[in-house]
Amino acid sequence: MTDAAMEFVTPLTFQALSGHSVHSKLLDSDEENAMGHINLARWADEIIIAPASANSIAKFAHGIADDLLSTVVLATQCKVTLAPSMNQAMWLNLAVQENITALRARGMVILNPEHGSQACGETGPGRMVEPGHICQEILQTEVGPLSGVSVLISAGPTREPIDPVRYITNRSSGKMGYALAEMAKSAGADVTLVSGPVALVPPAGVKLLAVETAQQMYEQVLDCSANANIYIGSAAVADYSPIAEENKIKKDGANKTLLLLKTRDILASVAESNDALFTVGFAAETEHLEAYAKDKLARKKVDMVAANWVGRADGGFDKENNAVTVYWRGGQQDFPMTAKRHLAQQLIKLIAQHYYEKN
Ligand code: C5P
C-alpha cells in the first residue's frame, strides 16, 4: 500500500480481509513481516496496481523509486498490469497519456479506465475497470482459447482526402472492431489492430497500427497478414476514393464533379494471398442482408461473414449495441441485439471454434 492508499483504507483492513500481511514501507527493517523490496520484486509472478494514480504512473514512466511500490515496480522483471483511476481531465491530460504510451511501449499492460460518473462529480473516462475485469485479464491472458494464435483486426472508417483540408468518410465508430480486439486479447490471442481514425482508446495489450486511407489500411493489413492466423475485417473501408488535389479547392460559381476511383478490396486480397488464414468479413447492409452476405462469402472467398443492418435506429454504425447473423459455408447463427462488447465476446468464441475446425 502506498501512503495515499493508506489515507483511504487502513492496512489492518486489507490484512484482515486478505489474510496476508501488508507491505507499505521501503526502509523499515523492524517491520514484523519485513521482506526487502528486491525480494518482493523477485517473488511476484505478476504485479497488478489497482487503482493506479496519475502520480504512480508518472513515477513508473520516469523510473522514480521513492516508495515501496515504485521501487518494487522498478526492480521487478515480471508482468506489470495497471488499472488507472483518476479524474477524467487528469486521465486525458497529455502528460498522463504520454506516460501511458511510454509504459505500454515498455510492455506494461494498461487496463484503460471506463467512462462514467466520477467521485469528484464529473463524467468522463477515469473510472477504474471493474475488479472482475481485472481478474479476467489476469486469468485468461495466458490460457484462453486463442492463446498462441495471432489475430489481425481492421477497425473504424477510412478517410479519403479530396484536398489538404477535406475528406470523404463514413459513420463507422470503430467500436465493434475495438471490442473484438479486446475480446480476442482476453481469449489469449496476440492481437494487432489496424485502425482508421476513431475516438477510442486501444484495448490493453493490443498492438495498434493507426492508418488513415483505404490504401494505407490495405498496405498495413497485407503486410501483417503474412504472420497472422485469423483476419477479422471489421473496418468500414471506403469503396471509392477521390484523386486528392494538392491545394485547397477554391469555390467559384460552378458546380463541381468528383471523380471517384475504386479502392482495392482488402478482405478479398488477404483471403486470396494467404490460404491458411481464417478470414472473417463484415457486411453492413440496408437491404437484402442475407443475399448480400452470402454473395460476399462466395465472392471474397472468406470463411465467415458477420452481417448486420445499418441505418436503423437501434444498432449498427456508431451505436453501443449491435445484432448480427453470421454466415459460413453450410451454416449460420443469429446473435440478437446486445452491447458490442458482449457481442464481440460471442463472436470471438464462434470464430475460435471454426478456426480450430479448419486447422
Ligand atoms: O463489399 P463490402 O464493402 O460490403 O464488404 C464489406 C467487407 O469487406 C468488410 O469486412 C470490409 O472490411 C471489407 N472491405 C475491404 N476492402 C474494401 C471494402 C470492403 O476489406 N475496399
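Counting begins at 1 with the first residue of the sequence. When a ligand or atom number is given, it counts from 1 through the structure's own listing order. Basis for what follows: all heavy atoms, side chains included, without hydrogens, waters or symmetry-related copies.
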**Asked** Taking everything shown except Q77 itself, do over 12 heavy atoms lie less than 6.0 Å from its CD?
**Response** no
**Request:** Output all residues satisfying salt bridge (charged side-chain N to carboxylate O under 4.0 Å, His left out) with D295, sequence neighbours left out; order by chain, then residue number.
**Result:** R299
Quick one: do the [X] and [Y] side chains pair a donor with an acceptor below 3.5 Å?
X	Y	result
E219	Q215	yes
N99	H62	yes
T81	E46	yes
Y178	S195	yes

**Message:** With a 4.0 Å heavy-atom cut-off, what residues sit around ligand 1?
**Reply:** G233, A235, V237, A238, D239, T263, R264, D265, I266, L267, G281, F282, K296, K300
